[in-house]
Amino acid sequence: MRLFSKLFSLTLAVSAAALPTSDHVVHERRAGTPSRWEKTARVNGTEKVLVRIGLAQSNLDRAYESDSVSPNYGKFWTSEQVISTFAPSDETVDAVSNWLVNSGVAASRLVHTKNQGWIVFESTAHEAESLLHTKYYHYTDKVAGTKAMAAEEYRVPQTVQKHIDYVKPGVLLPFASKKNRAAKRTRTYKPSRKVAANASSLSTCDELITPACVAALYKIPPTSPNVSASNSLGIFEEGDYYAQEDLDLFFANYTPYIPQGTHPKPAFIDGAEAPVPVEYAGAESDLDMQLAYPIIYPQTITLYQTDDYNYASGEIETDGFFNTFLDAVDGSYCTYCAYGECGDDPNLDPVYPDNSTGGYTGQLMCGVYKPTNVISVSYGGQEADLPAYYQERQCNEFLKLGLQGTSILFASGDDGVAGPPGDDSDNGCLGNGTIFSPAFPNSCPWVTNVGATKLYPNHTIADGESSVVDPIGHPYSIAFSSGGGFSNIYTVPEYQAAAVAEYFQNHNPPYPYYEGNASFGKNGGIYNRLGRGYPDVSANGDNIAEFNAGEFIMEGGTSASTPIFSSVINRIVEQRIAAGKGPLGFLNPVLYRNPHALNDITNGSNPGCGTEGFYTAPGWDPVSGLGTPNFPKLLDVFLALP
Ligand SMILES: *[C@@H]1O[C@H](CO)[C@@H](O)[C@H](O)[C@H]1NC(C)=O
Ligand SMILES: *[C@@H]1O[C@H](CO)[C@@H](O)[C@H](O)[C@H]1NC(C)=O
Ligand SMILES: *[C@@H]1O[C@H](CO)[C@@H](O)[C@H](O)[C@H]1NC(C)=O
Ligand SMILES: *[C@@H]1O[C@H](CO)[C@@H](O)[C@H](O)[C@H]1NC(C)=O
Ligand SMILES: *[C@@H]1O[C@H](CO)[C@@H](O)[C@H](O)[C@H]1NC(C)=O
Ligand SMILES: *[C@@H]1O[C@H](CO)[C@@H](O)[C@H](O)[C@H]1NC(C)=O
Ligand SMILES: *[C@@H]1O[C@H](CO)[C@@H](O)[C@H](O)[C@H]1NC(C)=O
Ligand SMILES: *[C@@H]1O[C@H](CO)[C@@H](O)[C@H](O)[C@H]1NC(C)=O
């Protein structure tokens, strides 16, 4: 922290009279006390309180609406430009500090944190309560015994409100850990057949999806032998590891043009290692590479294998994931402050050095790898698993990666409108098991989400695909339907607003809804009508041919769809580079303006929570998004951009 002095030279002369109370408006209010917390006593006015005021950042949500159509499209920002653009403006710093000084907090007491995000000062409970028109209470966690100080609501002057993000202590009580680790989005099925009789035939794509089927479905041409050294495809993995033997078996059976021994380039993070002996190979890592290589080869894969084994395997239980990966590809994220959190959350994220047995004893890796142009992630959880502030901070980082030229794609989940069984309730749903559970980090408006499609039996490629609905036992032992729905955290982003409005107007779902999470469950509502909708796009994710742990298996899941769509984008970036253009960054604004470049999916729904879920429809829908890739059309759209 550095002392905050310069800005006060002009403002010190202002009289220290408190602002009239009528100027104050409620900034945050908490409805009730979470069940495991107990309110014990009012905080004594003489107790010391460290007040931290999080400053609003500049224009985060406007970043794309202008940039994606500007002549600078494809010429991306440096990380320094991103940091300075989104730092709180001088106006914000002035407004908040003037309010405090005018209310009697001497300028010399104020400290402005190094990363620009906060104004901090030591206070007493009495002074803080009168500044914020609030009452502070002590709380005790009845399960863990931990203590916290919080208010039920607090107020700030109306003129200053827009400059303030959060105040701490505020209304939040620490998040009670639910012990969920990164979930892989796959469903495995051991078939009786061995391998496809003929790897180049398209007549069995309704039974088994091979690389030839993927190429035919999406009209992906063979790759050129010329690939750019700067366009390796990034793949994220956590707690699941590939085996070289499996890749080699796959290449030998399906893609003999890919040499034996072909393997990803390591970008290992915080003690992670790969590959593993074949008997330990994970179905996710093997699947991701076996889908991506046939589309992008001779381009390479960069493997972001993340976290030491203690954390990645869940031996040390943490709820958070992606933050250590983001630290490694953007060093500024290691200390980035937003929504009341600076850097990784010690209660939710891995902590390094990890001095437990076998742990990674080095320092947390910050900014050690340049992010690739495209990153495929087939992992996720549910919004309800993590506090909103944690997710919002991470979501900003996805936006920043997009601005710097990286396209990041996530699997939309395999449980339809629900979460995985046992998450939040027996059926993976919220509020007594009836309310849809949006997925994390899919609801972040700054990522591209990929849902899963399939070819039904006796259907040809020309018949077209449907969204995946596989009831229990057909063929997977756990039911699988493609994840989709509406966020409880984020409102609908501008690039998506027209598509979502069109869906509600012409294909109104037959369910009651609530409007904004503040009215969660109101009037029997089971989804948030105002939330960001997902997925954005889709690709095949059922009956996929794979070699895993030395055996032929069939795999399903949005885990498969995501490396397919990511590889298509990687190929398009390849062609842009060949044409002297830049990578693509965040894809959604362009995709939503060009729905004709995707194959619209209009059959199927995404069951969950005792309902049939949402239904597909012409245009965007919260089951298949805009649809599956049409490579030639997407190429035209993206090559035409500057
Ligand atoms: C608050 O703390 C002061 C100083 O420790 C003490 O004298 C006073 O009695 C306390 N007030 C209450 C209401 O507990
Ligand atoms: C495999 O199928 C392709 C396309 O249908 C056909 O041209 C080829 O002859 C077949 N190969 C064998 C060995 O049957
Ligand atoms: C590959 O690059 C070389 C050298 O730039 C060029 O001569 C050749 O035509 C390219 N081949 C293809 C298939 O693009
Ligand atoms: C590991 O580190 C923690 C805190 O950094 C320390 O309390 C603990 O004693 C250390 N354990 C070992 C085995 O070194
Ligand atoms: C859950 O059920 C209880 C008891 O029936 C009811 O009071 C509560 O309002 C329900 N909550 C939701 C979110 O539906
Ligand atoms: C597919 O077609 C074959 C031959 O017409 C028929 O025997 C079979 O029952 C069909 N399968 C399904 C799932 O409709
Ligand atoms: C939405 O509201 C419910 C009920 O108040 C709450 O349990 C949940 O944490 C809220 N979700 C978010 C993302 O704020
Ligand atoms: C549409 O989906 C149903 C299952 O919901 C399936 O039986 C049918 O074959 C699908 N139609 C097409 C054209 O794929």
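Basis for what follows: all heavy atoms, side chains included, without hydrogens, waters or symmetry-related copies. We count ligands from 1, going down the list as the structure has it; atoms in each ligand are counted the same way.
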Residues at least two apart in sequence or cross-chain that pass ring-ring contact (aromatic ring centres under 6.0 Å, His included) with Y218, listed by chain then number, are none
If we number the atoms of ligand 8 from 1 as shown, the ones under 4.0 Å from a heavy atom of S466 are 1 (C), 10 (C), 12 (C), 14 (O)
The atoms of ligand 8 lying under 4.0 Å from a heavy atom of N603, numbered in the order shown, are 1 (C), 2 (O), 3 (C), 8 (C), 10 (C), 11 (N), 12 (C), 14 (O)
Contact set, ligand 6, heavy-atom distance under 4.0 Å, ordered by chain/number, equals P457, N458
Exactly one of Y513, F504, Y503 clears ring-ring contact (aromatic ring centres under 6.0 Å, His included) with F486, and that residue is F504
Check your understanding: On the ring face of F631, is K219 found with NZ or CZ under 6.0 Å from the centre and within 45° of the axis?
Key -> no
Between R42 and E129, is there a side-chain N and carboxylate O pair less than 4.0 Å apart?
yes
By ring-ring contact (aromatic ring centres under 6.0 Å, His included), F480 pairs with (sequence neighbours left out) none
The ring-ring contact (aromatic ring centres under 6.0 Å, His included) partners of Y511 (sequence neighbours excluded) come to F436
*Apply side-chain contact (heavy atoms from CB on, under 4.5 Å) to M554 and I544, showing your working.*
CA-CA 5 Å; M554 285 163 79; I544 309 278; over 6 Å; no
Give yes if a backbone or side-chain nitrogen or oxygen of D463 is under 3.5 Å from a nitrogen or oxygen of ligand 8, and no if not. no
